[in-house]
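If you read the sequence from its start, that first residue is 1, and numbering goes on from there.
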Amino acid sequence: MYYTLLIKKKYNFSGGIKCLSINTELDNYIINYIPYPKEFFVHVKYNTLKKNMLRVKINQKVLCGEPLTFGDCLSVPIHAPTSGLIKNIEFNSNCFGINKENIKITIISDYLDQWIRLKKINNYKLYSPQSLIKIIYRSGVVGLGGAYFSSSKKLMLSINKVHTLVVNAVESDPYITADYCLMNNYLNEIFIGCEIISWISKVKNIFIVIQEDKIKLISQIKLLIQNKPLFKICIFKKKYPAGSSKIIIQSLTGKDIPYGQHSIDIGYLIFNIATVYAIKRAVINGEPLIQRIVSLYNDKNHLSKNFLIRIGTPINFFLNYLKIKNNLDYMIYIGGVFMNNILIDLNYSISKDINCVLIRKYEKKTKKPINYSCINCGYCVQVCPVNLLPQKLYLHSKYNHHEKAKSSYIMDCIECKICEKVCPSNIPLVKYFKREKIIQNEIDTEIKRKKMFFNHFQQREARILNQKTIVHENKNDFNNTNLMKFSVLEKTSKKEFVNKQEIEKNIRKEILRSSIERAKLKK
């Protein structure tokens with residue numbers, strides 16, 4: 001009865017926009033494959049990664065799945081996507097125009113695709129949660145929904161803190177179908193991944209969150225969870241950006257996740273559906289994360305296909321495979337229509353956080369779009385899914401009113417870009433918000449640094465004062481001791497002096513008495 005009511009209920013959120021799905025054919029959910037390229041470019045994008053964390057060197061032979069880097073508390077190991085030879089290792093490569101220190105490892109494939117020995121597990125319940133988390137860490141599993149956060153670290157934080165696992169199967173961008181393609185082909189394995197996570201985190205509920213238009217998948221999930229009381233399905237309205245973890249938690253619970261906190265803090269552990277599948281492959285099959293499903297979309301031909309691609313496959317290889325010969329005629333974007341980032345270097349490759357490659361025909365614009373002043377129309381407020389006031393945030397960001405921007409919750413902005421899509425003045429709002437968030441982070445860092453230095457100063461002052469107190473006390477002790485010693489000596493010496501005078505006096509008395517007796521005898 002409860003399940004029936006839950007199916008009828010459709011979760012919704014304020015704001016957002018409705019997007020018509022353009023990919024309704026079943027062919028869109030078939031996994032396509034491409035041949036392996038001759039060269040793989042593995043980009044290591046962690047800022048914290050140091051050069052001494054590399055495990056390979058130039059001209060070294062590697063096997064498929066062999067770790068190329070060590071991990072640490074902030075990063076997971078990166079693995080070779082195929083067997084071959086390390087051709088080159090470059091540092092400080094910069095493909096997105098963002099000032100990040102990257103490492104580019106070039107691997108020449110030997111086309112043998114020889115794997116390392118994989119350690120498979122039949123019964124994961126024989127292993128402790130910590131052992132399974134270690135396996136997931138060594139397999140290099142990160143959040144594949146775009147967060148790129150270490151899944152092992154998230155699981156470690158969730159132990160004894162969460163009661164519900166939320167599996168995010170919402171893909172609200174109309175052009176991206178990678179997650180639905182994965183579910184259509186590997187739904188049983190995804191359920192095993194859910195059970196592994198629930199075994200580790202000891203959750204009492206598993207919510208599978210999906211959008212209302214995926215009717216076939218909803219029916220399949222309904223059949224699979226019939227005899228599984230742990231599982232529940234939650235249907236969301238088809239709106240963008242329903243896939244944001246903040247919005248999903250807010251819609252399910254009515255609670256907001258404040259900036260700086262995580263859903264784990266309120267008892268909910270959320271994982272993208274592709275991450276759950278990667279965890280299953282890591283634990284049961286022993287496979288490191290070296291491939292993922294990526295949607296390719298061409299807006300002119302309405303080409304939308306999903307490919308299972310090895311990490312490190314160059315984007316340019318895609319274009320050649322799709323027979324797009326003149327690359328200069330096309331603009332290549334990473335991400336869907338809302339979150340897209342233009343790709344400058346076509347030799348950039350597929351990484352773990354890329355789920356869509358968008359191809360657009362290059363059109364020379366005769367007029368540069370004009371950005372008009374804000375007319376305070378309020379359209380941006382109506383569509384904001386996290387209940388912010390974008391026009392106020394824009395003014396605070398533009399005129400550097402940092403305190404007001406912070407008090408207007410600019411750090412809670414999820415940068416979904418809906419506000420600037422509906423803005424009639426063509427203002428690039430998110431561009432201002434991103435800049436302001438960088439400034440806010442710098443201000444917070446400076447405040448933390450000042451607090452740290454002030455604490456160090458206070459500790460130093462306390463230490464110096466303590467040392468002075470000790471010296472003063474020692475000095476007083478020293479003086480008192482000396483005084484006491486002096487007093488004792490004085491008394492002792494005085495006593496000795498008194499004794500000496502008494503002896504001399506007695507001696508003189510004895511001499512005088514003897515002289516008197518001799519004088520009496522003479523008489």
Side-chain angles (χ1 to χ4, degrees), residues 2-3 5-17 143 145-151 153-172 179 194 197-198 200-212 225 229-273 275-276 380-390 392-393 405-416 418-419 433 437 440-441 444:
Y2 175 70
Y3 175 75
L5 289 173
L6 195 62
I7 287 291
K8 289 181 179 178
K9 181 180 179 181
K10 292 182 180 178
Y11 292 90
N12 198 0
F13 59 94
S14 62
I17 54 174
Y148 214 70
F149 191 75
S150 169
S151 300
K153 190 171 184 180
K154 188 187 273 190
L155 285 168
M156 187 65 76
L157 293 171
S158 69
I159 294 177
N160 298 323
K161 286 189 70 176
V162 297
H163 51 73
T164 302
L165 167 65
V166 179
V167 181
N168 182 2
V170 175
E171 211 165 29
S172 54
D179 288 349
C194 294
I197 296 171
S198 68
I200 294 172
S201 300
K202 312 297 180 193
V203 296
K204 298 176 181 175
N205 304 298
I206 300 176
F207 292 167
I208 298 178
V209 183
I210 192 169
Q211 281 190 313
E212 58 183 344
I225 66 175
L230 203 65
F231 287 84
K232 293 181 178 64
I233 187 168
C234 302
I235 313 297
F236 266 59
K237 287 275 187 182
K238 183 167 177 57
K239 289 169 69 177
Y240 178 84
S244 167
S245 58
K246 276 190 173 184
I247 292 172
I248 287 176
I249 296 297
Q250 201 277 336
S251 303
L252 288 174
T253 67
K255 298 177 182 176
D256 291 323
I257 304 173
Y259 173 73
Q261 293 190 17
H262 197 269
S263 60
I264 292 174
D265 298 324
I266 59 173
Y268 289 85
L269 174 64
I270 186 164
F271 273 114
N272 175 266
I273 200 89
T275 311
V276 175
C380 53
V381 180
Q382 295 174 15
V383 296
C384 181
V386 287
N387 300 320
L388 298 178
L389 301 173
K392 277 192 174 181
L393 295 177
K406 186 178 181 180
S407 61
S408 301
Y409 306 103
I410 191 168
M411 301 305 286
D412 286 331
C413 173
I414 59 174
E415 301 176 13
C416 61
I418 297 181
C419 52
F433 300 161
K437 287 167 92 170
Q440 292 288 339
N441 283 327
D444 288 344

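If you run side-chain contact (heavy atoms from CB on, under 4.5 Å) between V167 and each of I197, T275, I206, V209, only I206 comes through.
Inter-residue side-chain proximity for I257 and I266 is flagged as met; some heavy-atom pair is nearer than 4.5 Å. Residues T164 and V203 are not in side-chain contact: their nearest non-hydrogen atoms beyond the backbone lie 4.5 Å or more apart. Looking at L269 and K154, their side chains come closer than 4.5 Å, going by heavy atoms from C-beta outward. Residues V381 and P390 meet the side-chain proximity criterion, which asks for heavy atoms closer than 4.5 Å. Counting heavy atoms from C-beta outward, L155 and S201 have side chains that approach closer than 4.5 Å. For the pair I418 and P241, the minimum side-chain heavy-atom distance is below 4.5 Å. Side-chain contact between F236 and S172: absent, with no pair of heavy atoms (C-beta onward) separated by less than 4.5 Å.
Put simply, the side chain of N168 gets close to the backbone of G243: a donor and an acceptor are under 3.5 Å apart. Although no hydrogens or angles enter the test, the distance criterion places no donor-acceptor pair under 3.5 Å between the side chain of Y409 and the main chain of N387. A donor-acceptor pair under 3.5 Å is absent between the side-chain atoms of E212 and the main chain of I235, judged by distance alone. Between the side chain of K239 and the main chain of F13, a donor-acceptor pair closer than 3.5 Å is present. Between the S263 side chain and the Y268 main chain, a donor and an acceptor come within less than 3.5 Å of each other.
When all heavy atoms of N272 and D179 are compared, the closest pair comes out as ND2-OD2, 3.2 Å. What you find for L165 and C194 is that their closest heavy atoms are CD2-O, 3.9 Å. Listed here is the closest heavy atom pair of N205 and K232: OD1-NZ, 3.6 Å.
Residues forming a salt bridge (charged side-chain N to carboxylate O under 4.0 Å, His left out) with K161 (at least two apart in sequence, or on another chain): D265. Remark: E415 pairs with K437 by the side-chain hydrogen bond (donor to acceptor under 3.5 Å, both in side chains) rule, at least two apart or across chains.
Note that SG of C384 and CD of Q382 are 11.5 Å apart. Values are rounded to the nearest 0.5 Å. Atom-to-atom distance recorded for I210:CD1 and I273:CD1 is 7.5 Å, nearest 0.5 angstrom. We find the NZ-CD distance between K238 and Q211 to be 4.5 Å, quoted to the nearest 0.5 Å.
With a 6.0 Å radius and a threshold of 12 heavy atoms from other residues, nucleotides or ligands, K204 has its NZ atom at or below the threshold.
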> Stepwise, does the side chain to side chain contact (heavy atoms under 4.5 Å, CB included) test hold for L389 with S408?
Replying inline: CA-CA 8 Å; L389 301 173; S408 301; over 6 Å; no

Throw together a table of side-chain donor-acceptor distances under 3.5 angstrom for residues 244-254, partners on residues two or more places apart or in other chains.
from: S244; atom 1: OG; to: K246; atom 2: N; distance (Å): 3.4
from: S251; atom 1: OG; to: N12; atom 2: O; distance (Å): 3.4
from: S251; atom 1: OG; to: I247; atom 2: O; distance (Å): 2.8
from: T253; atom 1: OG1; to: I249; atom 2: O; distance (Å): 2.6
from: T253; atom 1: OG1; to: K255; atom 2: N; distance (Å): 3.1

